Amino acid sequence: MGTTAQFIADLCQAKGPVYSISTACSSSGKALVSAQALLDADLADCGDCRWC
C-alpha cells in the first residue's frame, strides 16, 4: 500500500513520511486526524488529504 501516495509525493518533490489510508467511509476523517497528529508532532510541515 502507498504506491499512489509515493507517486504524488515524487511528482510534487515532497520529502518526509508518505502513506495512504483506506478505511472506506471513515478514511477522510482518519486522514485528517493522522495529518494533524504529524503536524502536532513536528514530523510534517503540511498534509495533503484527498478523497474520491
Side-chain angles (χ1 to χ4, degrees):
M1 186 182 334
T3 54
T4 302
Q6 188 62 57
F7 173 78
I8 293 170
D10 291 345
L11 190 66
C12 298
Q13 298 179 346
K15 306 292 182 217
V18 175
Y19 61 92
S20 59
I21 298 172
S22 178
T23 58
C25 296
S26 65
S27 61
S28 61
K30 177 67 175 167
L32 291 171
V33 169
S34 296
Q36 187 63 55
L38 291 170
L39 293 167
D40 290 344
D42 287 330
L43 295 173
D45 295 323
C46 65
D48 184 5
C49 301
R50 300 171 188 236
W51 64 92
C52 295

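This is a predicted model, so every value here is computed, not measured. Keep in mind that the numbers below use all heavy atoms, side chains included, and drop hydrogens, waters and symmetry copies.
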Practice prompt. Could you pull out all residues at least two apart from Asp10 that satisfy side-chain hydrogen bond (donor to acceptor under 3.5 Å, both in side chains)?
Written response: Gln6
For a quick test of your reading: what N or O donor-acceptor pairs under 3.5 Å do the side chains of residues 34-43 make, sequence neighbours left out?
| unit_1 | atom_1 | unit_2 | atom_2 | d |
| --- | --- | --- | --- | --- |
| Ser34 | OG | Lys30 | O | 2.9 |
| Gln36 | NE2 | Asp40 | OD1 | 2.7 |

Response to the item:
Tightest non-hydrogen contact, residues Ala9 and Val18, listed as CB-CG2, 3.7 Å
